[in-house]
Amino acid sequence: DSGVTQTPKHLITATGQRVTLRCSPRSGDLSVYWYQQSLDQGLQFLIQYYNGEERAKGNILERFSAQQFPDLHSELNLSSLELGDSALYFCASSQGSPRNTIYFGEGSWLTVV
Amino acid sequence: AQRVTQPEKLLSVFKGAPVELKCNYSYSGSPELFWYVQYSRQRLQLLLRHISRESIKGFTADLNKGETSFHLKKPFAQEEDSAMYYCALRGGGADGLTFGKGTHLIIQP
């Protein structure tokens, strides 16, 4: 158990819908990262937050957004869903300094039908 | 720009044989390199980081700055080593990870 908790574990929704994925980082970790894992694209970095502020942005679509709350949990919002958004979405956390290890959650499986 | 290349999508070896998973990177500064392992689409687990210079589950990896490589090696493969292996790089101002596409390692009995 890495200590990073993600909910829901599985989610099936229809095209055009909006979903929210939730992540609770390890106790004491200030940084949260979101990654998308799909069969064709592999692991893609989406976005990183540190202590409530956006720190780095990767290949995140405009239909997607994220935030980190004062209690440090984070949510990834995916809207106007398309079939191609079906993927495993990982959250990861670290203490936030460059040398700190990044720990991953178990992921949220999103299937868009 | 930083990039991680894992040239083999799939690697199949027999139990007891040596294993080498290749990883090459592109980065202008001094990167930090990692290997993560993922069993059956579960969460990614950190296997090795180059600054630790340790051996986990019999695996080792050496950073070769001249060849910009960080290959993962194990002298004798075991069936439980079957998994997806991802090489990752961290560098620059942000401390996120850039991953390679991964190598699916299959250990045949």
Side-chain angles (χ1 to χ4, degrees), chain A residues 1-7 9-10 23 25-26 29-51 53-60 66 86-111, chain B residues 1-11 21-27 29-54 56 61 63 83-105:
Chain A
D1 182 6
S2 68
V4 180
T5 305
Q6 290 187 247
T7 57
K9 286 192 171 14
H10 296 91
C23 169
R26 293 187 331 144
D29 284 357
L30 298 177
S31 252
V32 170
Y33 313 78
W34 286 98
Y35 285 84
Q36 179 194 57
Q37 185 179 40
S38 58
L39 284 173
D40 52 345
Q41 295 291 329
L43 268 164
Q44 297 279 314
F45 168 65
L46 296 179
I47 198 163
Q48 178 199 356
Y49 280 83
Y50 176 80
N51 204 19
E53 305 266 334
E54 182 185 302
R55 175 172 266 190
K57 216 168 194 177
N59 300 320
I60 187 166
S86 296
L88 184 54
Y89 290 85
F90 282 113
C91 172
S93 76
S94 78
Q95 291 179 0
S97 295
R99 294 294 189 188
N100 296 141
T101 299
I102 296 176
Y103 294 92
F104 282 77
E106 304 230 345
S108 291
W109 273 104
L110 173 65
T111 302
Chain B
Q2 52 199 45
R3 182 181 299 169
V4 177
T5 303
Q6 293 179 250
E8 303 136 330
K9 287 182 77 170
L10 175 66
L11 183 63
L21 302 172
K22 291 184 167 47
C23 172
N24 289 92
Y25 66 91
S26 173
Y27 183 68
S30 291
E32 195 176 357
L33 275 298
F34 303 81
W35 277 99
Y36 279 81
V37 60
Q38 185 183 31
Y39 300 101
S40 302
R41 297 297 264 190
Q42 296 175 15
R43 66 179 178 88
L44 280 84
Q45 301 175 46
L46 178 64
L47 184 61
L48 284 175
R49 55 194 304 179
H50 90 270
I51 60 173
S52 301
R53 300 187 66 81
E54 57 193 345
I56 304 291
L63 179 61
M84 279 294 293
Y85 290 80
Y86 291 94
C87 182
L89 176 154
R90 181 161 66 188
D95 57 347
L97 293 167
T98 298
F99 285 91
K101 296 278 191 190
T103 297
H104 187 187
L105 177 63

Task: Any donor-acceptor N/O pair, Y35(A) side chain to L97(B) backbone, under 3.5 Å - done: yes
Spacing of [atom1] belonging to [X] relative to [atom2] belonging to [Y], to within rounding of 0.5 Å:
{"X": "E32(B)", "Y": "N100(A)", "atom1": "CD", "atom2": "CG", "result": "9.5 Å"}
{"X": "Y86(B)", "Y": "Q37(A)", "atom1": "OH", "atom2": "CD", "result": "4.0 Å"}
{"X": "Y36(B)", "Y": "L43(A)", "atom1": "OH", "atom2": "CG", "result": "10.5 Å"}
{"X": "T98(B)", "Y": "F45(A)", "atom1": "OG1", "atom2": "CZ", "result": "8.5 Å"}
{"X": "E106(A)", "Y": "L44(B)", "atom1": "CD", "atom2": "CG", "result": "11.0 Å"}

TODO: Just give me the residue among Q42(B), Q45(B), R49(B) that pairs up with chain A most often, heavy atom to heavy atom, under 4.5 Å.
DONE: R49(B)
Task: Side-chain heavy-atom pair L88(A), Q38(B) within 4.5 angstrom cut-off - done: yes
Task: Closest approach of F104(A) to R43(B) (non-hydrogen atoms, all atoms of both residues) - done: O-CD, 3.5 Å
Task: Shortest non-hydrogen separation from R90(B) to T101(A) and the atoms involved - done: NH2-N, 4.5 Å
